[in-house]
Amino acid sequence: MLDIRQIREEPELCQQRLKARGGDAWQLITEVLACDEQRRSGETEKQELQQERNRLSKEIGKMRSQGEDSADLETQVRGIGEKIKAVGETTEAADNRQRELLLQIPNVPHENCPVGSDETANPEIRTWGEKATFDGFEPTDHLTLGGKLALFDFELGAKISSSGFVVYTGAGARLQRALIQFLLDLHTREHGYTEVNPPVVVNRDCMFGTGQLPKFEDDMYGIEDNAHFLIPTAEVPVTNLFRDTIQKGDDFPVKTTAATHCFRREAGAAGRENRGLIRMHQFDKVELVNVVHPDQSVDQLETLTNEAEKVLQTLGLHYRIIELCTGDIGFSATKTYDIEVWAPGQNEYLEVSSCSNFGDYQARRMKLRFKDEDGKNRLCHTLNGSGTALPRLYVALLETYQQADGSIRLPEALHSYFGGEEIR
RNA sequence: GGAGAGGUGGCAGAGUGGUCGAAUGCAGUAGUCUUGAAAACUACCGUGCCGCAAGGUACCGUGGGUUCGAAUCCCACCCUCUCCGCCA
(Lines give C-alpha, C1' and ligand atoms only; values in the text may rest on other atoms or scores of the structure.)
Protein backbone atom coordinates (compact mmCIF):
# COMPACT_ATOMS: atom_id res chain seq x y z
CA MET A 1 0.00 0.00 0.00
CA LEU A 2 1.01 3.54 -0.56
CA ASP A 3 1.29 5.88 2.38
CA ILE A 4 -1.96 7.83 2.75
CA ARG A 5 -0.02 10.73 4.26
CA GLN A 6 2.18 10.97 1.24
CA ILE A 7 -0.81 10.81 -1.06
CA ARG A 8 -2.42 13.57 0.97
CA GLU A 9 0.67 15.74 0.85
CA GLU A 10 1.83 15.16 -2.70
CA PRO A 11 -1.11 13.85 -4.71
CA GLU A 12 0.18 15.13 -8.05
CA LEU A 13 3.54 13.47 -7.60
CA CYS A 14 1.86 10.15 -6.78
CA GLN A 15 -0.38 10.38 -9.79
CA GLN A 16 2.47 11.29 -12.06
CA ARG A 17 4.59 8.36 -10.94
CA LEU A 18 1.69 5.96 -11.20
CA LYS A 19 0.99 7.18 -14.71
CA ALA A 20 4.48 6.07 -15.70
CA ARG A 21 3.33 2.51 -15.15
CA GLY A 22 0.54 2.81 -17.66
CA GLY A 23 -2.90 1.64 -16.64
CA ASP A 24 -5.39 3.84 -14.88
CA ALA A 25 -4.63 3.27 -11.20
CA TRP A 26 -3.57 6.91 -10.92
CA GLN A 27 -7.20 7.91 -11.37
CA LEU A 28 -8.07 6.30 -8.05
CA ILE A 29 -6.05 8.86 -6.13
CA THR A 30 -8.83 11.45 -6.26
CA GLU A 31 -11.32 9.11 -4.67
CA VAL A 32 -8.82 7.97 -2.09
CA LEU A 33 -8.38 11.57 -1.01
CA ALA A 34 -12.13 12.07 -0.78
CA CYS A 35 -12.45 8.99 1.41
CA ASP A 36 -9.56 10.15 3.53
CA GLU A 37 -11.23 13.49 4.11
CA GLN A 38 -14.53 11.89 4.99
CA ARG A 39 -12.87 9.30 7.16
CA ARG A 40 -10.95 11.80 9.21
CA SER A 41 -13.79 14.22 9.84
CA GLY A 42 -16.05 11.29 10.74
CA GLU A 43 -13.38 9.94 13.04
CA THR A 44 -13.12 13.24 14.87
CA GLU A 45 -16.87 13.55 15.26
CA LYS A 46 -17.14 10.00 16.49
CA GLN A 47 -14.40 10.50 19.03
CA GLU A 48 -16.06 13.57 20.43
CA LEU A 49 -19.30 11.66 20.86
CA GLN A 50 -17.47 8.76 22.48
CA GLN A 51 -15.77 11.11 24.83
CA GLU A 52 -19.14 12.47 25.88
CA ARG A 53 -20.57 9.01 26.29
CA ASN A 54 -17.66 7.83 28.39
CA ARG A 55 -17.97 10.86 30.62
CA LEU A 56 -21.69 10.44 31.16
CA SER A 57 -21.47 6.70 31.65
CA LYS A 58 -19.01 7.18 34.45
CA GLU A 59 -21.39 9.72 35.89
CA ILE A 60 -24.16 7.13 35.84
CA GLY A 61 -21.95 4.63 37.59
CA LYS A 62 -21.24 7.14 40.32
CA MET A 63 -24.89 8.10 40.76
CA ARG A 64 -25.99 4.52 40.98
CA SER A 65 -23.42 3.65 43.55
CA GLN A 66 -24.77 6.54 45.60
CA GLY A 67 -28.31 5.32 45.11
CA GLU A 68 -29.38 8.27 42.96
CA ASP A 69 -31.77 8.04 40.01
CA SER A 70 -29.87 8.18 36.70
CA ALA A 71 -32.74 7.48 34.30
CA ASP A 72 -32.52 10.86 32.55
CA LEU A 73 -28.83 10.54 31.93
CA GLU A 74 -29.33 7.04 30.63
CA THR A 75 -31.79 8.11 27.96
CA GLN A 76 -29.41 10.89 27.01
CA VAL A 77 -26.51 8.49 26.64
CA ARG A 78 -28.69 6.10 24.69
CA GLY A 79 -29.25 8.89 22.20
CA ILE A 80 -25.52 9.53 21.96
CA GLY A 81 -25.00 5.83 21.42
CA GLU A 82 -27.27 5.91 18.41
CA LYS A 83 -25.43 8.88 16.97
CA ILE A 84 -22.12 7.13 17.47
CA LYS A 85 -23.46 4.15 15.63
CA ALA A 86 -24.65 6.27 12.71
CA VAL A 87 -21.45 8.29 12.43
CA GLY A 88 -19.44 5.14 12.92
CA GLU A 89 -21.12 3.43 10.02
CA THR A 90 -20.44 6.17 7.49
CA THR A 91 -16.90 6.56 8.77
CA GLU A 92 -16.30 2.86 8.52
CA ALA A 93 -17.69 2.82 5.01
CA ALA A 94 -15.25 5.54 3.99
CA ASP A 95 -12.44 3.71 5.74
CA ASN A 96 -13.26 0.45 3.99
CA ARG A 97 -13.52 2.11 0.62
CA GLN A 98 -10.21 3.86 1.16
CA ARG A 99 -8.48 0.60 2.03
CA GLU A 100 -10.11 -1.15 -0.88
CA LEU A 101 -8.77 1.52 -3.24
CA LEU A 102 -5.32 1.58 -1.68
CA LEU A 103 -5.04 -2.18 -2.05
CA GLN A 104 -5.66 -1.83 -5.76
CA ILE A 105 -3.08 0.85 -6.35
CA PRO A 106 0.32 -0.51 -7.33
CA ASN A 107 3.56 0.75 -5.87
CA VAL A 108 5.14 3.85 -7.35
CA PRO A 109 8.31 3.13 -9.34
CA HIS A 110 11.56 4.31 -7.82
CA GLU A 111 12.74 7.66 -9.12
CA ASN A 112 15.62 6.06 -11.00
CA CYS A 113 13.47 3.35 -12.54
CA PRO A 114 13.74 3.81 -16.32
CA VAL A 115 10.59 5.19 -17.88
CA GLY A 116 8.97 3.19 -20.63
CA SER A 117 5.68 1.68 -21.63
CA ASP A 118 6.54 -1.99 -22.12
CA GLU A 119 9.35 -4.55 -22.14
CA THR A 120 10.89 -3.18 -25.30
CA ALA A 121 12.01 -0.21 -23.21
CA ASN A 122 13.88 -2.34 -20.66
CA PRO A 123 17.56 -1.38 -20.73
CA GLU A 124 20.25 -4.03 -20.60
CA ILE A 125 22.45 -3.36 -17.57
CA ARG A 126 25.26 -5.83 -18.12
CA THR A 127 26.13 -9.28 -19.36
CA TRP A 128 28.34 -12.00 -18.01
CA GLY A 129 30.16 -14.67 -20.03
CA GLU A 130 29.45 -15.43 -23.63
CA LYS A 131 27.05 -17.49 -25.63
CA ALA A 132 28.17 -21.08 -25.67
CA THR A 133 29.74 -22.33 -28.90
CA PHE A 134 29.56 -25.88 -30.18
CA ASP A 135 32.29 -27.68 -32.09
CA GLY A 136 31.06 -29.51 -35.12
CA PHE A 137 27.38 -29.84 -34.25
CA GLU A 138 24.23 -27.84 -33.98
CA PRO A 139 22.94 -27.52 -30.42
CA THR A 140 19.50 -28.96 -29.89
CA ASP A 141 16.89 -28.02 -27.33
CA HIS A 142 16.23 -29.45 -23.88
CA LEU A 143 13.16 -31.34 -25.03
CA THR A 144 15.19 -33.40 -27.44
CA LEU A 145 18.04 -33.83 -24.99
CA GLY A 146 15.80 -34.68 -22.08
CA GLY A 147 13.76 -37.05 -24.18
CA LYS A 148 16.79 -38.97 -25.35
CA LEU A 149 18.21 -39.18 -21.82
CA ALA A 150 14.79 -39.83 -20.24
CA LEU A 151 15.17 -36.94 -17.80
CA PHE A 152 11.52 -35.94 -17.71
CA ASP A 153 8.17 -36.99 -19.08
CA PHE A 154 5.44 -34.53 -20.02
CA GLU A 155 2.94 -37.22 -20.97
CA LEU A 156 3.17 -38.73 -17.53
CA GLY A 157 2.68 -35.30 -16.03
CA ALA A 158 -0.45 -34.78 -18.10
CA LYS A 159 -1.68 -38.26 -17.28
CA ILE A 160 -1.60 -37.88 -13.55
CA SER A 161 -2.34 -34.16 -13.47
CA SER A 162 -2.85 -32.12 -16.62
CA SER A 163 -0.87 -30.29 -19.24
CA GLY A 164 1.64 -27.93 -17.73
CA PHE A 165 2.87 -30.52 -15.25
CA VAL A 166 5.90 -32.71 -15.72
CA VAL A 167 7.42 -35.76 -14.10
CA TYR A 168 11.18 -35.66 -13.73
CA THR A 169 12.57 -39.17 -13.97
CA GLY A 170 15.76 -40.98 -13.04
CA ALA A 171 18.86 -38.86 -13.53
CA GLY A 172 16.56 -35.97 -14.42
CA ALA A 173 14.95 -36.07 -10.99
CA ARG A 174 18.33 -36.42 -9.37
CA LEU A 175 19.66 -33.40 -11.24
CA GLN A 176 16.76 -31.32 -10.01
CA ARG A 177 17.43 -32.39 -6.45
CA ALA A 178 21.16 -31.70 -6.87
CA LEU A 179 20.44 -28.21 -8.13
CA ILE A 180 18.17 -27.35 -5.21
CA GLN A 181 20.77 -28.59 -2.78
CA PHE A 182 23.50 -26.65 -4.55
CA LEU A 183 21.47 -23.45 -4.54
CA LEU A 184 20.51 -23.62 -0.89
CA ASP A 185 24.07 -24.40 0.11
CA LEU A 186 25.40 -21.51 -1.93
CA HIS A 187 23.06 -18.97 -0.36
CA THR A 188 23.26 -20.24 3.20
CA ARG A 189 27.02 -20.83 3.24
CA GLU A 190 28.29 -17.99 1.10
CA HIS A 191 25.61 -15.33 1.31
CA GLY A 192 24.52 -15.61 4.91
CA TYR A 193 20.95 -16.74 4.38
CA THR A 194 18.86 -18.63 6.89
CA GLU A 195 17.00 -21.51 5.32
CA VAL A 196 13.33 -22.14 5.97
CA ASN A 197 10.91 -24.69 4.64
CA PRO A 198 7.47 -23.07 4.70
CA PRO A 199 3.96 -24.27 3.83
CA VAL A 200 2.98 -23.99 0.18
CA VAL A 201 -0.66 -23.53 1.17
CA VAL A 202 -1.21 -20.13 2.75
CA ASN A 203 -4.14 -18.01 3.87
CA ARG A 204 -5.57 -14.85 2.38
CA ASP A 205 -3.78 -12.55 4.79
CA CYS A 206 -0.48 -13.62 3.29
CA MET A 207 -1.70 -12.98 -0.22
CA PHE A 208 -2.78 -9.48 0.73
CA GLY A 209 0.49 -8.91 2.55
CA THR A 210 2.73 -9.43 -0.44
CA GLY A 211 0.27 -7.99 -2.96
CA GLN A 212 -1.11 -11.00 -4.87
CA LEU A 213 -4.57 -10.12 -3.58
CA PRO A 214 -6.90 -8.52 -4.29
CA LYS A 215 -5.90 -8.08 -7.93
CA PHE A 216 -4.41 -11.39 -8.98
CA GLU A 217 -6.68 -14.02 -7.51
CA ASP A 218 -7.24 -15.60 -10.91
CA ASP A 219 -3.55 -16.23 -11.41
CA MET A 220 -3.41 -18.52 -8.41
CA TYR A 221 -4.69 -21.93 -7.48
CA GLY A 222 -7.25 -21.54 -4.72
CA ILE A 223 -8.17 -24.22 -2.25
CA GLU A 224 -11.83 -25.22 -2.15
CA ASP A 225 -12.36 -23.57 1.25
CA ASN A 226 -11.87 -20.25 -0.54
CA ALA A 227 -9.57 -19.21 2.29
CA HIS A 228 -6.26 -20.69 1.16
CA PHE A 229 -4.09 -20.68 -1.92
CA LEU A 230 -1.18 -22.58 -3.35
CA ILE A 231 1.75 -20.21 -3.34
CA PRO A 232 2.89 -18.77 -6.68
CA THR A 233 6.32 -18.11 -5.16
CA ALA A 234 8.08 -18.62 -1.83
CA GLU A 235 8.12 -14.84 -1.57
CA VAL A 236 4.62 -15.15 -0.14
CA PRO A 237 5.16 -17.47 2.83
CA VAL A 238 8.69 -16.29 3.55
CA THR A 239 8.00 -12.55 3.56
CA ASN A 240 4.84 -13.15 5.57
CA LEU A 241 6.85 -14.90 8.26
CA PHE A 242 7.61 -11.35 9.32
CA ARG A 243 4.06 -10.06 9.00
CA ASP A 244 2.90 -8.06 11.98
CA THR A 245 6.26 -8.05 13.72
CA ILE A 246 8.54 -5.39 15.06
CA GLN A 247 12.10 -6.25 14.13
CA LYS A 248 15.03 -5.49 16.39
CA GLY A 249 16.82 -3.55 13.71
CA ASP A 250 20.32 -4.60 14.74
CA ASP A 251 19.80 -7.79 12.77
CA PHE A 252 19.37 -6.02 9.46
CA PRO A 253 19.50 -7.22 6.79
CA VAL A 254 17.40 -10.25 7.66
CA LYS A 255 18.10 -12.74 4.88
CA THR A 256 15.93 -15.80 4.43
CA THR A 257 15.90 -18.41 1.69
CA ALA A 258 13.55 -21.24 0.85
CA ALA A 259 13.20 -23.85 -1.85
CA THR A 260 9.54 -24.52 -2.59
CA HIS A 261 7.19 -25.72 -5.22
CA CYS A 262 5.42 -22.81 -6.91
CA PHE A 263 2.01 -22.99 -8.52
CA ARG A 264 0.66 -20.71 -11.21
CA ARG A 265 -2.42 -21.01 -13.33
CA GLU A 266 -0.77 -19.24 -16.26
CA ALA A 267 -4.20 -18.75 -17.77
CA GLY A 268 -3.99 -17.97 -21.45
CA ALA A 269 -0.31 -18.78 -21.70
CA ALA A 270 -0.78 -22.30 -23.03
CA GLY A 271 0.94 -23.12 -26.30
CA ARG A 272 2.36 -19.67 -26.74
CA GLU A 273 6.07 -20.14 -27.42
CA ASN A 274 6.30 -21.97 -24.14
CA ARG A 275 7.29 -25.43 -25.15
CA GLY A 276 8.91 -27.75 -22.71
CA LEU A 277 9.90 -26.75 -19.24
CA ILE A 278 9.80 -23.03 -19.79
CA ARG A 279 6.38 -22.26 -18.36
CA MET A 280 4.84 -24.77 -16.00
CA HIS A 281 1.88 -24.78 -13.63
CA GLN A 282 4.12 -26.28 -10.99
CA PHE A 283 7.81 -25.65 -10.68
CA ASP A 284 10.53 -25.42 -8.09
CA LYS A 285 12.27 -22.24 -7.13
CA VAL A 286 14.79 -21.12 -4.57
CA GLU A 287 13.80 -17.72 -3.31
CA LEU A 288 15.83 -15.06 -1.52
CA VAL A 289 13.96 -12.67 0.78
CA ASN A 290 15.48 -9.66 2.53
CA VAL A 291 13.99 -7.50 5.26
CA VAL A 292 16.06 -4.35 5.65
CA HIS A 293 16.32 -0.85 7.04
CA PRO A 294 14.79 1.73 4.69
CA ASP A 295 18.20 3.28 4.09
CA GLN A 296 19.62 -0.06 2.98
CA SER A 297 17.17 -1.20 0.37
CA VAL A 298 18.62 0.53 -2.67
CA ASP A 299 22.08 -0.93 -2.09
CA GLN A 300 20.65 -4.23 -0.97
CA LEU A 301 18.93 -4.71 -4.31
CA GLU A 302 22.37 -4.66 -5.95
CA THR A 303 23.68 -7.17 -3.42
CA LEU A 304 20.67 -9.41 -3.83
CA THR A 305 21.03 -9.35 -7.59
CA ASN A 306 24.71 -10.23 -7.27
CA GLU A 307 23.80 -13.17 -5.07
CA ALA A 308 21.43 -14.49 -7.69
CA GLU A 309 24.04 -13.90 -10.39
CA LYS A 310 26.52 -15.94 -8.43
CA VAL A 311 24.42 -18.99 -9.20
CA LEU A 312 24.89 -18.61 -12.92
CA GLN A 313 28.53 -17.64 -12.59
CA THR A 314 29.28 -20.71 -10.53
CA LEU A 315 27.55 -22.86 -13.11
CA GLY A 316 29.32 -21.08 -15.97
CA LEU A 317 26.13 -19.96 -17.66
CA HIS A 318 26.05 -16.86 -19.82
CA TYR A 319 23.43 -14.31 -18.82
CA ARG A 320 22.36 -10.73 -19.11
CA ILE A 321 20.74 -8.37 -16.66
CA ILE A 322 17.98 -6.11 -17.75
CA GLU A 323 16.16 -3.57 -15.71
CA LEU A 324 12.41 -3.41 -15.93
CA CYS A 325 11.04 -0.06 -17.00
CA THR A 326 8.12 1.68 -15.33
CA GLY A 327 5.65 0.08 -17.71
CA ASP A 328 6.88 -3.47 -17.12
CA ILE A 329 7.61 -3.52 -13.43
CA GLY A 330 5.55 -5.74 -11.10
CA PHE A 331 2.61 -4.53 -9.04
CA SER A 332 4.37 -4.20 -5.68
CA ALA A 333 7.87 -3.33 -6.87
CA THR A 334 9.67 0.01 -7.02
CA LYS A 335 12.60 -1.32 -9.02
CA THR A 336 13.41 -4.67 -10.58
CA TYR A 337 16.30 -6.40 -12.28
CA ASP A 338 15.63 -9.51 -14.32
CA ILE A 339 18.38 -12.02 -14.85
CA GLU A 340 18.09 -13.85 -18.14
CA VAL A 341 20.18 -16.91 -18.83
CA TRP A 342 21.22 -17.88 -22.33
CA ALA A 343 19.64 -21.06 -23.63
CA PRO A 344 21.40 -22.16 -26.84
CA GLY A 345 18.71 -24.61 -27.89
CA GLN A 346 16.04 -21.96 -27.59
CA ASN A 347 18.37 -19.43 -29.12
CA GLU A 348 17.15 -16.91 -26.60
CA TYR A 349 17.51 -15.59 -23.09
CA LEU A 350 15.24 -17.02 -20.40
CA GLU A 351 14.24 -15.15 -17.26
CA VAL A 352 15.50 -17.17 -14.30
CA SER A 353 15.38 -14.50 -11.66
CA SER A 354 13.55 -11.32 -10.91
CA CYS A 355 15.08 -9.24 -8.14
CA SER A 356 12.93 -6.47 -6.72
CA ASN A 357 12.95 -3.77 -4.12
CA PHE A 358 9.46 -3.24 -2.76
CA GLY A 359 10.31 -0.31 -0.52
CA ASP A 360 7.78 -0.12 2.30
CA TYR A 361 4.87 -1.17 0.10
CA GLN A 362 4.62 -4.76 1.32
CA ALA A 363 5.74 -3.79 4.81
CA ARG A 364 2.84 -1.36 5.14
CA ARG A 365 0.39 -3.99 3.99
CA MET A 366 1.69 -6.51 6.48
CA LYS A 367 2.67 -4.17 9.33
CA LEU A 368 6.29 -5.20 9.19
CA ARG A 369 8.17 -2.71 11.34
CA PHE A 370 11.34 -2.11 13.30
CA LYS A 371 12.33 0.14 16.20
CA ASP A 372 14.61 2.92 15.06
CA GLU A 373 17.31 4.63 17.09
CA ASP A 374 14.72 6.88 18.72
CA GLY A 375 12.57 3.94 19.71
CA LYS A 376 9.97 4.78 17.11
CA ASN A 377 8.29 2.08 15.06
CA ARG A 378 8.96 2.46 11.37
CA LEU A 379 8.21 0.33 8.36
CA CYS A 380 10.93 -1.96 7.06
CA HIS A 381 11.74 -2.36 3.41
CA THR A 382 11.42 -5.75 1.75
CA LEU A 383 13.18 -7.23 -1.25
CA ASN A 384 13.21 -10.56 -2.94
CA GLY A 385 14.73 -12.34 -5.86
CA SER A 386 14.79 -15.81 -7.31
CA GLY A 387 17.98 -17.60 -6.66
CA THR A 388 16.92 -19.10 -9.03
CA ALA A 389 13.92 -20.68 -10.70
CA LEU A 390 14.71 -24.30 -11.41
CA PRO A 391 13.17 -25.28 -14.76
CA ARG A 392 14.77 -22.57 -16.83
CA LEU A 393 18.08 -23.04 -15.08
CA TYR A 394 17.70 -26.70 -15.95
CA VAL A 395 16.99 -25.83 -19.58
CA ALA A 396 20.02 -23.57 -19.82
CA LEU A 397 22.19 -26.20 -18.19
CA LEU A 398 21.19 -29.00 -20.56
CA GLU A 399 21.37 -26.85 -23.63
CA THR A 400 24.67 -25.20 -22.71
CA TYR A 401 26.48 -28.34 -21.64
CA GLN A 402 25.21 -30.70 -24.29
CA GLN A 403 27.74 -32.68 -26.28
CA ALA A 404 27.70 -33.94 -29.84
CA ASP A 405 26.30 -37.34 -28.81
CA GLY A 406 23.48 -35.81 -26.82
CA SER A 407 25.04 -36.40 -23.42
CA ILE A 408 25.44 -33.63 -20.85
CA ARG A 409 28.77 -32.67 -19.34
CA LEU A 410 27.88 -31.04 -16.00
CA PRO A 411 29.79 -28.04 -14.66
CA GLU A 412 32.17 -28.90 -11.88
CA ALA A 413 30.17 -27.24 -9.11
CA LEU A 414 27.46 -29.86 -9.58
CA HIS A 415 29.59 -32.99 -9.70
CA SER A 416 29.46 -33.78 -6.02
CA TYR A 417 25.82 -32.78 -5.70
CA PHE A 418 24.77 -34.87 -8.66
CA GLY A 419 27.12 -37.69 -7.91
CA GLY A 420 28.67 -37.73 -11.33
CA GLU A 421 30.13 -35.59 -14.07
CA GLU A 422 27.98 -36.55 -16.98
CA ILE A 423 24.46 -37.53 -17.87
CA ARG A 424 24.34 -40.00 -20.71
C1' G B 1 -12.98 -36.42 13.46
C1' G B 2 -14.89 -36.78 19.07
C1' A B 3 -14.51 -34.87 24.31
C1' G B 4 -12.52 -31.27 27.58
C1' A B 5 -9.56 -26.78 28.83
C1' G B 6 -7.93 -22.20 27.28
C1' G B 7 -6.62 -17.59 24.18
C1' U B 8 -5.04 -10.67 28.35
C1' G B 9 1.03 -6.18 27.14
C1' G B 10 8.16 -8.91 24.88
C1' C B 11 7.32 -13.24 28.38
C1' A B 12 4.82 -15.12 32.77
C1' G B 13 0.26 -14.11 35.00
C1' A B 14 -4.08 -11.35 37.87
C1' G B 15 -8.62 -9.36 36.57
C1' U B 16 -15.99 -12.15 35.79
C1' G B 17 -20.27 -5.36 34.41
C1' G B 18 -18.29 0.91 35.88
C1' U B 19 -13.04 4.56 38.92
C1' C B 20 -9.28 -1.08 33.93
C1' G B 21 -5.09 0.24 28.85
C1' A B 22 -5.50 -3.27 32.43
C1' A B 23 -2.43 -5.67 39.21
C1' U B 24 2.06 -8.23 40.01
C1' G B 25 6.68 -10.61 38.55
C1' C B 26 10.52 -11.08 34.84
C1' A B 27 12.87 -8.87 30.78
C1' G B 28 14.09 -3.82 28.72
C1' U B 29 15.46 1.76 29.01
C1' A B 30 17.29 5.93 31.94
C1' G B 31 19.18 7.52 36.56
C1' U B 32 21.12 7.20 41.91
C1' C B 33 24.88 4.49 44.45
C1' U B 34 29.86 2.12 42.95
C1' U B 35 36.88 2.67 40.90
C1' G B 36 33.98 -0.71 37.51
C1' A B 37 30.39 -4.51 37.49
C1' A B 38 26.63 -6.82 40.32
C1' A B 39 23.01 -5.89 43.94
C1' A B 40 19.71 -2.32 45.85
C1' C B 41 16.73 1.91 45.01
C1' U B 42 13.99 5.63 41.71
C1' A B 43 11.58 6.71 37.20
C1' C B 44 10.09 5.12 32.49
C1' C B 45 8.57 0.98 29.75
C1' G B 46 2.15 -2.00 24.30
C1' U B 47 -0.10 -0.60 19.39
C1' G B 48 -3.10 2.15 15.91
C1' C B 49 -5.99 6.38 14.65
C1' C B 50 -7.53 11.82 15.05
C1' G B 51 -5.01 16.39 16.46
C1' C B 52 0.11 21.77 15.21
C1' A B 53 -0.15 20.63 20.23
C1' A B 54 -2.46 19.83 24.76
C1' G B 55 -5.08 15.94 24.53
C1' G B 56 -8.72 12.50 22.81
C1' U B 57 -10.16 7.77 21.08
C1' A B 58 -9.89 2.60 19.96
C1' C B 59 -7.66 -2.13 20.73
C1' C B 60 -7.62 -7.93 26.21
C1' G B 61 -7.86 -14.30 19.55
C1' U B 62 -11.61 -12.54 15.27
C1' G B 63 -16.54 -10.91 14.05
C1' G B 64 -21.42 -9.92 15.75
C1' G B 65 -24.89 -9.02 19.97
C1' U B 66 -26.83 -7.41 25.04
C1' U B 67 -26.08 -2.84 28.13
C1' C B 68 -26.27 3.98 29.90
C1' G B 69 -21.39 1.38 30.24
C1' A B 70 -18.03 -4.97 28.18
C1' A B 71 -11.39 -7.75 29.00
C1' U B 72 -15.62 -9.31 32.07
C1' C B 73 -22.34 -11.50 29.87
C1' C B 74 -24.47 -13.99 25.03
C1' C B 75 -23.71 -16.07 19.82
C1' A B 76 -20.58 -17.58 15.73
C1' C B 77 -15.85 -18.44 13.91
C1' C B 78 -10.40 -19.07 14.26
C1' C B 79 -6.31 -20.84 16.94
C1' U B 80 -3.60 -23.45 20.98
C1' C B 81 -3.23 -27.34 24.64
C1' U B 82 -4.79 -32.29 26.89
C1' C B 83 -7.17 -37.02 26.12
C1' C B 84 -9.42 -40.46 22.44
C1' G B 85 -9.64 -41.94 17.27
C1' C B 86 -6.98 -41.91 12.61
C1' C B 87 -2.52 -41.40 10.14
C1' A B 88 3.39 -40.32 7.32
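Numbered from 1 within each chain, the chains take letters A, B, ... in sequence-line order.
- Side-chain nitrogen and oxygen atoms of A:Asn54 include none within less than 4.0 Å of the OP1 or OP2 phosphate oxygen of B:G69.
- For A:Arg40 and B:C50, the shortest distance from a side-chain N or O to OP1 or OP2 is not below 4.0 Å.
- Base pairing of B:U34: no nucleotide in any strand meets the Watson-Crick or G-U wobble criterion (both distances under 3.5 Å).
- Note on A:Arg64: a base of the nucleic acid sits closer than 4.0 angstrom, heavy atoms only.
- The side chain of A:Arg55 places no N or O atom within less than 4.0 Å of a non-bridging phosphate oxygen (OP1 or OP2) of B:C68.
- Distance alone, capped at 3.5 Å, is enough to place a donor-acceptor pair between the A:Glu399 side chain and the A:His142 backbone.
- The side chain of A:Arg5 contributes an N or O atom lying less than 4.0 Å from OP1 or OP2 of B:C50.
- B:A70 atom P lies 12 Å from atom NZ of A:Lys58, rounded to whole Å.
- Classified by interplanar angle (parallel below 30°, tilted 30° to 60°, perpendicular above 60°), the ring pair A:His281/A:Tyr221 is perpendicular.
- One atom, CZ of A:Arg39, and another, C1' of B:G51, lie 13 Å apart when rounded to the nearest Å.
- For B:G4, the paired nucleotide is B:C81, the pair qualifying as Watson-Crick or G-U wobble because both relevant distances are below 3.5 Å.
- Using a 4.0 Å heavy-atom distance criterion, A:Ile60 is classed as a base contact.
- The backbone N or O of A:Gly172 lies less than 3.5 Å from a partner atom in the side chain of A:Tyr394, making a donor-acceptor pair.
- Residue A:Arg8 is classed as a sugar-phosphate contact, given heavy-atom separations below 4.0 Å to backbone atoms only.
- Closest to the side chain of A:Gln47, from the set B:C49, B:G48, B:C68, is B:C49.
- Using Watson-Crick or G-U wobble geometry with both donor-acceptor distances under 3.5 Å, B:A53 finds no partner in any strand shown.
- For B:U47, the OP1/OP2 oxygens have a side-chain nitrogen or oxygen of A:Lys371 closer than 4.0 Å.
- Nucleotide B:A23 is matched to nothing when pairs are restricted to Watson-Crick or G-U wobble geometry with both distances under 3.5 angstrom.
- Nucleotides B:G55 and B:C81 are separated by 44 Å at their P atoms, to the nearest Å.
- The phosphate of B:A58 has OP1 or OP2 within less than 4.0 Å of a side-chain N or O from A:Arg53.
- When rounded to the nearest whole Å, the span between CZ of A:Arg378 and C1' of B:G48 equals 18 Å.
- Across all strands shown, B:G46 is found opposite B:C59 as a Watson-Crick or G-U wobble partner, with both distances under 3.5 Å.
- In a base pair of the Watson-Crick type (N1 to N3 plus N6-O4 or O6-N4) or a G-U wobble (N1-O2 and O6-N3), with each distance short of 3.5 Å, B:G69 is matched with no nucleotide.
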